[in-house]
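Have a look at the structure below, then the notes.
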Protein chains: 4
Amino acid sequence: MKENFSTRDRIINAAIEVFFENGFSDTTVDDITNYAGVSHGTFYIYFKNKKDALRELLKETFDLLYDATEAPWKREHSYESLRESIYGFFKIYQSHWKVIRTWKEAAMLDAEFMQLWHNLVDQITCRIKQNIEYSIRKGLCQPIDSAVASQALSGMIEHYANNYLMKGETVDLNIISKTLAHIWYYGIYGS
Amino acid sequence: MKENFSTRDRIINAAIEVFFENGFSDTTVDDITNYAGVSHGTFYIYFKNKKDALRELLKETFDLLYDATEAPWKREHSYESLRESIYGFFKIYQSHWKVIRTWKEAAMLDAEFMQLWHNLVDQITCRIKQNIEYSIRKGLCQPIDSAVASQALSGMIEHYANNYLMKGETVDLNIISKTLAHIWYYGIYGS
Amino acid sequence: MKENFSTRDRIINAAIEVFFENGFSDTTVDDITNYAGVSHGTFYIYFKNKKDALRELLKETFDLLYDATEAPWKREHSYESLRESIYGFFKIYQSHWKVIRTWKEAAMLDAEFMQLWHNLVDQITCRIKQNIEYSIRKGLCQPIDSAVASQALSGMIEHYANNYLMKGETVDLNIISKTLAHIWYYGIYGS
Amino acid sequence: MKENFSTRDRIINAAIEVFFENGFSDTTVDDITNYAGVSHGTFYIYFKNKKDALRELLKETFDLLYDATEAPWKREHSYESLRESIYGFFKIYQSHWKVIRTWKEAAMLDAEFMQLWHNLVDQITCRIKQNIEYSIRKGLCQPIDSAVASQALSGMIEHYANNYLMKGETVDLNIISKTLAHIWYYGIYGS
DNA sequence: CATGAATGAGCTTTCATTCAT
DNA sequence: AATGAATGAAAGCTCATTCAT
């Protein structure tokens with residue numbers, strides 16, 4: 001009755017589920033293999049250990065997110081484009097939440113996964129920084145510190161997304177994206 | 001050569017150090033007692049287990065932070081008062097960083113500590129929310145969603161503070177507080 | 001690019017190499033099949049397990065050594081014939097060293113391989129014993145215990161050969177064979 | 001009903017027994033702790049692992065044997081003194097046989113234990129070599145290669161002792177020591 | 001109170017062996 | 001014959017917790 005997935009995929013998918021369910025730390029290799037319906041030893045055919053399995057599954061998510069988050073923050077920052085970018089970001093964050101939740105837990109425990117997360121965040125932050133610097137050069141906003149501001153704004157979005165998904169999404173995503181876009185837009189361009 | 005602290009205090013202080021040094025997960029009871037210079041068994045006289053020790057040490061920090069963070073966010077939100085509040089917040093966050101770092105790791109692993117952190121954050125967020133609602137009522141700012149906005153702003157500050165301390169504080173705190181106050185102030189009150 | 005050997009031979013030859021390289025204990029079936037360039041499962045077509053493979057490969061070496069060591073120790077024991085026999089023994093020991101090294105390791109772990117080695121040694125020792133007994137009967141040497149003496153002398157040669165090959169052969173084989181023949185010859189025939 | 005031994009001693013003694021009984025390779029930590037009547041975890045309080053336990057128990061035997069074997073081979077080599085030395089050597093070899101048997105197995109598997117054994121053998125061999133060189137200088141024997149001869153003779157004794165104990169000691173020790181002393185004495189001094 | 005030896009449950013990892021293709 | 005994925009038994013090691021002193 002096995003699904004049409006490779007054993008490796010079934011383990012990866014099982015890992016995503018049980019990491020999310022029990023947390024990365026509290027998950028044992030047995031939890032994963034039981035969920036995947038394979039024997040204990042099979043895990044070690046495909047992965048060196050639990051950390052290695054996480055590394056592998058994050059690789060895929062990293063690439064997806066890296067590509068998906070590149071474009072939006074590159075565009076010029078009108079209120080409307082910001083609102084759209086934020087809305088889109090929440091959607092994609094939401095669709096990868098199980099993995100992201102695990103990723104962020106692992107990042108608290110292991111510098112490697114922290115670094116990987118920063119690689120992703122830094123890309124976004126960098127785009128925002130470039131936008132702010134451009135706006136400053138054009139005289140569209142006051143000469144604030146672009147490094148601090150870009151980190152603050154990307155952090156605001158990320159933090160809100162985490163809280164939003166951690167708690168269970170009761171607020172309307174339209175209101176969220178409008179409100180965050182408002183703060184962002186006027187926070188930079190208001191004066 | 002023992003300090004003039006109670007055994008319990010010495011264990012608590014040792015725990016703070018080794019939790020910060022090795023991480024909460026990777027710390028063993030032995031690590032704590034070795035650092036404290038007491039025997040292994042002594043730990044269990046004062047604490048049920050590692051988690052219990054963390055609970056106890058967070059209690060103290062919680063009360064301190066709860067009191068210290070209440071006042072600032074209550075005041076009216078001029079740019080200058082915001083800048084001062086943010087500056088003060090960073091200072092206190094910094095002085096409790098070892099504990100906060102551990103707290104946030106534990107929060108990723110255990111709902112109890114997550115809840116405790118939220119209790120603290122909620123107080124701050126609540127004050128901010130009241131300020132925004134007051135400003136909306138007075139027509140000082142546009143009618144944005146105060147719940148979302150307050151979470152976003154407190155989240156922005158918290159997130160920046162974490163990154164700032166996680167990485168090792170190379171940016172001038174004055175620039176940080178000015179920049180964050182700018183975004184906040186204009187983000188809410190900018191036209 | 002496969003050699004013109006049967007699969008079984010390739011596994012046997014691979015086993016000889018990796019047993020010598022890693023030791024019998026530390027060698028896994030995977031090590032052997034990887035070296036042989038065949039799949040894991042193929043091993044079990046030809047052999048029941050690692051021990052079985054060793055048994056098979058020792059059989060061949062046993063027969064070779066059994067035949068090769070029979071003749072020399074049969075001859076009359078003049079100093080010169082002893083020197084030649086010892087020299088020849090070292091040469092043949094050397095040429096089968098990889099297998100012998102493994103054999104002796106296995107003999108320490110398993111009575112079966114110990115017994116097999118003794119079968120070989122006993123043949124040699126028996127010839128030596130017969131020689132000594134002949135010499136005693138003829139009054140060519142003192143009436144020593146032929147069983148003890150023959151074991152001691154074959155043991156001396158074997159032991160020296162092991163040490164010699166274990167360490168890496170820096171001494172001239174001519175000096176070795178002369179010296180050992182001297183001890184042997186005078187040890188038995190010296191007044 | 002525990003003996004008046006420290007836990008560490010009881011584990012060491014248990015290790016000696018089960019290493020001898022099952023072989024070092026085939027012994028598990030559980031075998032040792034079961035025999036010692038302590039729990040599994042207790043083993044790891046005193047030793048890093050099985051190899052570490054062996055290292056520790058060999059240390060003691062090494063020191064004993066090193067001291068006990070120094071003196072005899074130093075004396076001048078008359079037939080009678082040789083016979084006595086050999087007899088004494090067998091006695092002490094016999095009394096430490098369980099450990100030596102394990103030691104020699106481990107030496108086949110691990111260079112560290114091989115080296116340790118050689119340290120012991122080298123001391124004896126060195127004394128024998130000095131005796132032979134002295135005899136050569138004094139013209140008491142022919143100018144044979146002292147390095148080869150000393151290794152051959154110490155090897156002969158060691159090898160015989162191993163075989164003797166491995167098989168189960170059916171030969172009279174007096175006959176053995178006489179015979180080996182005979183070969184040694186005339187092997188060097190006969191001409 | 002303080003100690004630290006002892007416990008044993010729990011998890012990790014390896015690898016010989018099987019078997020469907 | 002040959003393959004190599006899958007299995008699961010067998011060790012290994014750690015560490016939270018207990019308890020007699």
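Below, all heavy atoms of this structure are taken into account, side chains as well, without hydrogens, waters or symmetry copies. Reminder, nothing fancy here: chain letters follow the sequence lines and each chain counts from 1.
In this entry the distance linking CG of A/Asp9 with P of F/dA5 reads 14 Å, nearest Å.
Put simply, the side chain of A/Phe24 does not reach to within 4.5 Å of the side chain of B/Met108, judged on heavy atoms. Counting heavy atoms from C-beta on, the side chains of C/Met166 and C/Trp97 come closer than 4.5 Å.
Nearest approach of C/Ala36 to C/Ile11, heavy atoms of both residues: CB-CA, 4.1 Å. When all heavy atoms of D/Thr27 and D/Asn22 are compared, the pair lying nearest together is OG1-CB, 3.7 Å. Closest heavy-atom contact between A/Leu57 and A/Val99: CD1-CG1, 3.8 Å.
For C/His40 and D/Gly41, each mapped to the nucleotide of DNA chain E holding its nearest heavy atom, the one lying further toward the 5' end belongs to D/Gly41.
Proximity of residues 101-112 of chain B to DNA chain E (heavy atom under 4.0 angstrom from any strand atom) is not detected for any residue. For DNA chain E, the neighbouring residues in residues 18-33 of chain A, judged by any heavy atom under 4.0 Å, are A/Thr28, A/Val29. Contacts between residues 42-57 of chain C and DNA chain F, counted as heavy-atom distances below 4.0 Å, involve C/Thr42, C/Ile45, C/Tyr46.
Judged as a side chain to side chain donor-acceptor pair (under 3.5 Å), the pairs with a partner in residues 100-114 of chain C (not counting sequence neighbours) are, in order, C/Ser25-C/Glu105, C/Lys51-C/Asp110, C/Arg55-C/Glu112, C/Lys104-C/Glu158.
Proximity note for B/Ser39 (side chain, C-beta onward) versus F/dA5, E/dG4, E/dT7: the nearest is E/dG4.
When atom types are taken as modelled, the side chain of B/Thr42 and the backbone of B/Val38 share no donor-acceptor pair closer than 3.5 angstrom. At distances below 3.5 Å, at least one donor-acceptor pair connects side-chain atoms of A/Asp31 with backbone N or O atoms of A/Thr28.
Ion pairing of B/Lys98 with B/Glu21 is absent here, as no side-chain N (NZ or NE/NH1/NH2) approaches a carboxylate O to less than 4.0 Å.
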**OP:** Give the intermediate values and the outcome of side chain to side chain donor-acceptor pair (under 3.5 Å) for residues C/Asn162 and C/Tyr93.
**Re:** CA-CA 9 Å; C/Asn162 288 329; C/Tyr93 211 82; 2.6 Å; yes
**OP:** Decide side-chain contact (heavy atoms from CB on, under 4.5 Å) for B/Leu58 and B/Trp117; before the verdict, give the C-alpha distance in whole Å, the side-chain angles of both, and the deciding distance to 0.1 Å.
**Re:** CA-CA 10 Å; B/Leu58 290 190; B/Trp117 181 254; over 6 Å; no
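D/Asp30 meets the side-chain hydrogen bond (donor to acceptor under 3.5 Å, both in side chains) test with D/His40; sequence neighbours excluded.
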Original post:
If you write DNA chain E from 5' to 3' in dot-bracket form, with Watson-Crick or G-U pairs under 3.5 Å, [ ] for crossing pairs and | for pairs with another strand, what do you get?
Top reply: .||||||||||||||||||||
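A distance of 6.5 Å separates OG in C/Ser6 from OH in C/Tyr46, rounded to the nearest 0.5 Å.
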